[in-house]
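Right, one structure below, let's go through it.
Since the model is a prediction, treat every value here as computed from it, not as a measurement.
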Amino acid sequence: MRPVLDRVDNQLFTAIQQAQPLLPRPDCDALIERGKATTVQAMSLDAIHRSGLDQALAHTCPAR
């Protein structure tokens, strides 16, 4: 189990680093929405998991 968690941690940290430059952009909200839509489709997320994704990303972009 530990190797799986380590792999997921590394993937998560890499994704966060890659997203950093996008967060201050004026189109941050649109980018997040497109990413969520892609994820929902690619992973065939049900309503509960879509809701969790929405909640997890709700405050990703800085308030304007």
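The minimum heavy-atom distance between P24 and P62, with the atom names listed, is CA-CG, 4.4 Å.
Take R7 and apply the side-chain hydrogen bond (donor to acceptor under 3.5 Å, both in side chains) test, not counting sequence neighbours, and it matches no residue. Considering only residues two or more places apart in sequence or on other chains, I48 meets the side-chain contact (heavy atoms from CB on, under 4.5 Å) condition with D46. Listed by chain and number, the residues in a side-chain hydrogen bond (donor to acceptor under 3.5 Å, both in side chains) with N10 amount to none (sequence neighbours excluded). Looking at residues two or more places apart in sequence or on another chain, you find no side-chain hydrogen bond (donor to acceptor under 3.5 Å, both in side chains) involving D9. Remark: S51 engages Q55 in a side-chain contact (heavy atoms from CB on, under 4.5 Å) (not counting sequence neighbours).
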Check residues 35-45 and write down every donor-acceptor pair under 3.5 Å in which the side-chain atom is one partner and the other belongs to a residue at least two apart or another chain.
| unit_1 | atom_1 | unit_2 | atom_2 | d |
| --- | --- | --- | --- | --- |
| K36 | NZ | E33 | OE2 | 3.0 |
| K36 | NZ | D54 | OD1 | 2.8 |
| T38 | OG1 | R34 | O | 3.0 |
| T39 | OG1 | G35 | O | 2.9 |

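The line from SG of C61 to CG of L22 is 9.0 Å long, rounded to the nearest 0.5 Å. Distance CD1/I16 to CD/Q11: 12.0 Å, rounded to 0.5 Å. To the nearest 0.5 Å, the span separating CG on L23 from CD1 on I32 amounts to 6.5 Å.
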